Every structure is written in C-alpha cells, then in structure tokens.
Amino acid sequence: MRPKIAMLDRGMAEAAWQSSRPRFFRFVVGPHFEQLCRDWVAHFAAPETLGGLPIDVSYGTVSDPANRSSYEIDVVVHGAVGQDNGVLLAIGECTWDQVMGIGHLERLRAVLRLPAGRGIDVGQVRACCFSGAGFTPELRAAERRGEVVLVGLERLYGGE
C-alpha cells in the first residue's frame, strides 16, 4: 500500500484500488483460490472425480529440459487406486478471475506429455480446471467428452 498512500491521502480511494487490483488478485486472491481448490480435492471431491482416493494434494513444478522451461502446476494429486498407493491421479490449473478455455487444457496436456515421453504412464491422469469465472463452451464440450474435469464455484461450494 505504501506507493498508494499519496492517492489515499488525496481521497482517491477508487483510483488507488483500480491500480492495486491486478497485484492484489495475483499475489493474494490467486494463491488463496489455489489453496481452496487443493483443499476441495483433499476433503470434498468424490473418488470417482479423480479416479481414486486422494492421499497427497499439493502443487509443483515440472521441468521441460528440451525447451529450457518449466510449468507450475497449481494442483497435483497423488492417491490410491486399488492396492496401488502414490499413483498420480490428477493435475490441475486454477484461475480465479479468468474464464478458462481450451488453452488451459492444452497446457495441462503439454505437461502430461513430459513424463509420458520418459515412459511414465499418464493415461489415467485426470486434467482438472478450477475457475472462479467460468468456462468457455469449448472447454465444457471437452468435459462432456471426458477429457477434463471442470470445477467452478458451484461445485467448490456445493459439493459433488
């Protein structure tokens, strides 16, 4: 707030908020929403949603050495399927203030291609999109085809 104190002192609260809003969303609301999504997966998602019982829900980074880059993953779910524990069940992307589209699903698919390229079976891993602002019709169609799990505010707060 320090850079905005002069604006506040001059009674320009609305202008101070408008110029601070993107930063507030990126550094406060966004991370809080990501944690809320991880909590939902850990405590409220039905095992059928993820293809197994969640044991460890976290976040992480996947490196892409070929492109000298990495991907930050907001939701990483390991769990139990039958007698197997520690199986990667799902990865997810979270956006609070953005309508999610097919590009978000493509990003998750790109992440999953990395371990698949090293011989790790990711065929059963679910791609999940969590949004506070909704989903495009194309992404909803992908959900109907079973390509992605969509979790909006109704599902987060209303349950499975």
Side-chain angles (χ1 to χ4, degrees), residues 21-160:
R21 183 182 169 123
R23 185 179 194 128
F24 178 76
F25 271 57
R26 185 171 53 249
F27 293 110
V28 177
V29 176
H32 179 76
F33 183 66
E34 291 168 9
Q35 184 58 51
L36 180 73
C37 294
R38 287 188 290 271
D39 290 343
W40 180 84
V41 167
H43 303 290
F44 302 105
E48 302 80 39
T49 299
L50 304 169
L53 183 65
I55 293 173
D56 180 44
V57 181
S58 61
Y59 58 92
T61 303
V62 176
S63 65
D64 183 358
N67 291 315
R68 300 179 120 174
S69 64
S70 62
Y71 295 93
E72 289 185 18
I73 307 302
D74 300 327
V75 178
V76 179
V77 185
H78 288 90
V81 178
Q83 298 297 317
D84 296 330
N85 290 323
V87 175
L88 180 61
L89 297 177
I91 63 170
E93 176 91 4
C94 305
T95 63
W96 166 250
D97 62 341
Q98 184 179 67
V99 174
M100 296 185 88
I102 206 75
H104 293 93
L105 176 57
E106 290 301 325
R107 181 179 183 279
L108 292 171
R109 287 175 175 160
V111 169
L112 288 172
R113 280 193 291 272
L114 294 170
R118 293 190 297 261
I120 298 171
D121 181 16
V122 295
Q124 300 302 311
V125 177
R126 310 268 170 105
C128 302
C129 291
F130 300 83
S131 178
F135 308 98
T136 63
E138 295 83 11
L139 196 56
R140 290 210 177 271
E143 179 187 40
R144 286 190 295 276
R145 292 188 302 270
E147 298 172 20
V148 64
V149 174
L150 302 183
V151 182
L153 294 178
E154 297 100 23
R155 197 168 182 185
L156 275 174
Y157 289 104
E160 291 279 64

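Computed from a prediction, not measured in an experiment: that's the story for all the values here.
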Nearest 0.5 Å please: distance from the [atom1] atom of [X] over to the [atom2] atom of [Y].
X      : Y      : atom1 : atom2 : answer
Leu114 : Asn67  : CG    : CG    : 8.5 Å
Leu50  : Leu89  : CG    : CG    : 6.0 Å
Leu105 : Leu139 : CG    : CG    : 6.0 Å
Thr61  : Tyr71  : OG1   : OH    : 12.5 Å
Gln124 : Leu88  : CD    : CG    : 11.5 Å

Of the non-hydrogen atoms in [X] and [Y], which two are nearest, and what is the gap between them?
X      : Y      : value
Ala133 : Ser131 : N-OG, 3.0 Å
Val125 : Ala90  : CG1-CA, 3.8 Å
Leu108 : Gly92  : CD2-C, 4.1 Å

### Task
Decide yes or no on side-chain contact (heavy atoms from CB on, under 4.5 Å) for Cys128 and Thr49, but give the supporting numbers first.
CA-CA 10 Å; Cys128 302; Thr49 299; 6.0 Å; no
Compile the donor-acceptor pairs under 3.5 Å between side chains in residues 31-41 and protein atoms, sequence neighbours left out, one pair per line.
unit_1, atom_1, unit_2, atom_2, d
Gln35, OE1, Arg38, NE, 3.4
Gln35, OE1, Arg38, NH2, 3.1
Gln35, NE2, Asp39, OD1, 2.8
Arg38, NH1, Asp74, O, 2.6
Trp40, NE1, Arg155, O, 3.3

#### Entry: Exceeds 12 heavy-atom contacts within 6.0 angstrom, atom CZ of Arg68
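At most 12 heavy atoms, drawn from other residues, nucleotides or ligands, come within 6.0 Å of this atom.
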### Message
Can you confirm whether Tyr157 is buried at OH, in the sense that more than 12 heavy atoms of other residues, nucleotides or ligands lie under 6.0 Å from that atom?
### Response
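For Tyr157, atom OH is not crowded (no more than 12 foreign heavy atoms under 6.0 Å).
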### Query
Partners of Tyr59 by ring-ring contact (aromatic ring centres under 6.0 Å, His included), sequence neighbours excluded?
none
### Pairs meeting criterion salt bridge (Lys or Arg N to Asp or Glu O under 4.0 Å) with involvement of residues 85-114, two or more places apart
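Qualifying pairs: Glu93-Arg107, Glu106-Arg109, Arg109-Glu147.
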### Of Leu150, Val151, Ile102, the residue whose pairing with Cys129 passes side chain to side chain contact (heavy atoms under 4.5 Å, CB included)
Leu150
